[in-house]
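The block underneath contains the structure these notes are about, expressed in structure tokens.
In the text below, chain A, chain B and the rest are named by the order of the sequence lines, each starting its count at 1. In this text the structure is predicted, and so the values were computed from the model without any measurement.
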Protein chains: 2
Amino acid sequence: MIVPAMTTDDSPRSDKVDQILQGALQEFLSRGYAGTSMDRVAATAGVSKPTVYHHFQDKEGLFCALVQHIAQVRFYGTLTPCPCAGPPVTTLRQLLEHMLESIAADDEYQDFVRLVIGESGRFPALARLFIIHITKPGIERVQSYLADHPELGLPDPVATAHILVGTVVYVTLTQHILHGQDLIALPQKRLVNALMALLLAKATPASEMSPDLEEVITGADDTL
Amino acid sequence: MIVPAMTTDDSPRSDKVDQILQGALQEFLSRGYAGTSMDRVAATAGVSKPTVYHHFQDKEGLFCALVQHIAQVRFYGTLTPCPCAGPPVTTLRQLLEHMLESIAADDEYQDFVRLVIGESGRFPALARLFIIHITKPGIERVQSYLADHPELGLPDPVATAHILVGTVVYVTLTQHILHGQDLIALPQKRLVNALMALLLAKATPASEMSPDLEEVITGADDTL
DNA sequence: GTCTATATCTAGATAGAC
DNA sequence: GTCTATCTAGATATAGAC
């Protein structure tokens, strides 16, 4: 018996199936759909090629099953954590910072985004799975939080959630996925400060803003 | 002599080279890098395969030359038009709407984005070319406009430009590139309204806002 | 269910004629 | 410079033994 190369221990459907999905994950994430060969998938999974074809109809079937599985299990809700309790101003800042940092630190998620976007023209159904299981839950969690805190004075929590999440995703895309970190200099704190300033400008006019609140908005230190 | 793969070349090209680039564009945009065969490139270009290899070192060289050419010539500055004259509030609204609409209408640009992001893990240098020639000029044009209009009262035009462009790109990504238009409903006007409201909240406190300006901010009609 | 071995095709890249 | 014809490696998928 061959020991699986990379076991992250999931649901015990079938040992071989999980092995194959693990191998397919590695290969498809690093080489793309067309660049991946079933030979390499089988080798990386530690099984033979006919075993792969016994469990999955063909290359396309394996790819679709993999993306669906990953979107639902591995990366479900990756985009946003559960907002913790506390004053909205602090919570929102932490939320944005956590989103930026967790995506920036997750190379596998970045590869998954590359794969899904890259194949979205040829596999539109998979792109829509990504929207359903990852993008949409993230946006909805933010917009629920915004809607639950009317003291923020936001006229449109739904659109505002798109602006917040959109800005975070865009910056991650350019800085990390497209390797533009040194080409477009924009420190995380400066971006979050700007977002918070826009969000809170209406809720708290400058004339009513206390020094304490001002500090919370602009951040603890000003190393821009 | 073989044409260098990565040069800034403005000299007139031979007919065949343009034919090959045109064929390569069609094939690579619709099939991706690994999914494209040199046979099909040659056939689509209307030349023979050895002719392709005479002008380009290999498949990778052709691909890099193509992306560089497209980023510099075909899509340079696609992201944002030149801001026209007029009051900043109106101009900004038109700018955002024009960005959203022009990207949404340009299928070839969407395919190019899919290609560059999809290959950004294996061709990081091409992703950086995309940043340099397309992303960065767009952001800089917006931030210059914002900085040139201090009456908007924006504390950080650079970060604000990222928020505006980022929101537009993110919405385009989810709605069109990832085919999520019917999954995430967010009418363009509603998004632009929310962006304008955030931008102008600080510049014009509600107490000083005239009915006319209010209408400009929230849009002419309210078909949300 | 899983393997060894293989059929069939298409890929990238090139010789050599003109 | 451009073509026809071809080489070789690697691709998807399967037959058939265990």
Touch class at under 4.0 angstrom, heavy-atom based, for B:Asp58 against every strand present: sugar-phosphate
Distance, rounded to the nearest Å, where A:Phe56 contributes CZ and C:dG1 contributes P: 13 Å
Atom-pair distance (CG on A:Leu62; C1' on D:dT12), nearest Å: 13 Å
Separation between CG of B:Leu115 and CD1 of A:Ile117, rounded to the nearest 0.5 Å: 12.5 Å
Expected rows: protein N/O vs nucleotides 2-6 of chain D N/O, under 3.5 Å:
| residue | atom | partner | partner atom | Å |
| --- | --- | --- | --- | --- |
| D:dT2 | OP2 | B:His55 | NE2 | 2.8 |
| D:dC3 | OP2 | B:Ser48 | N | 3.0 |
| D:dC3 | OP2 | B:Ser48 | OG | 3.0 |
| D:dC3 | OP2 | B:Thr51 | OG1 | 2.5 |

Closest non-hydrogen atom pair between A:Ala194 and B:Ala159, with its separation: CB-CB, 3.4 Å
Spacing between A:Gln57 atom CD and D:dT14 atom C1', to the nearest angstrom: 14 Å
Length of the line joining B:Asp39:CG and C:dT14:P, which is rounded to integer Å: 14 Å
Distance, rounded to the nearest Å, where A:Lys59 contributes NZ and D:dA13 contributes P: 8 Å
Interatomic distance, A:Ile20 CD1 vs C:dG1 P [rounded to whole Å]: 12 Å
Stepwise side-chain contact (heavy atoms from CB on, under 4.5 Å) test for B:Met196 and B:Leu96: CA-CA 9 Å; B:Met196 299 300 294; B:Leu96 295 175; 4.1 Å; yes
Minimal non-hydrogen separation, B:Ile134 against B:Tyr109, with atom names: CG2-OH, 3.6 Å
Stepwise ring-ring contact (aromatic ring centres under 6.0 Å, His included) check, A:Phe63 with A:Phe123: CA-CA 10 Å; A:Phe63 182 63; A:Phe123 294 93; 5.0 Å; yes
Distance in angstrom units between B:Tyr53 OH and C:dA11 P, rounded: 11 Å
Salt-bridge present (B:Arg31, B:Asp111; N to O < 4.0 Å): no
Beyond-backbone contact of A:Arg114 with A:Ile177, side-chain heavy atoms, under 4.5 angstrom: yes
Table please: side-chain donor-acceptor pairs of residues 160-169 of chain A below 3.5 Å, with sequence neighbours left out.
| residue | atom | partner | partner atom | Å |
| --- | --- | --- | --- | --- |
| A:Thr160 | OG1 | A:Asp156 | O | 2.7 |
| A:His162 | ND1 | A:Val158 | O | 3.1 |
| A:Thr167 | OG1 | A:Ile163 | O | 2.7 |

DNA chain D contacts made by residues 25-38 of chain B, counting heavy atoms under 4.0 Å: none
Between B:Glu27 and B:Thr44: side-chain donor-acceptor atoms closer than 3.5 Å: yes
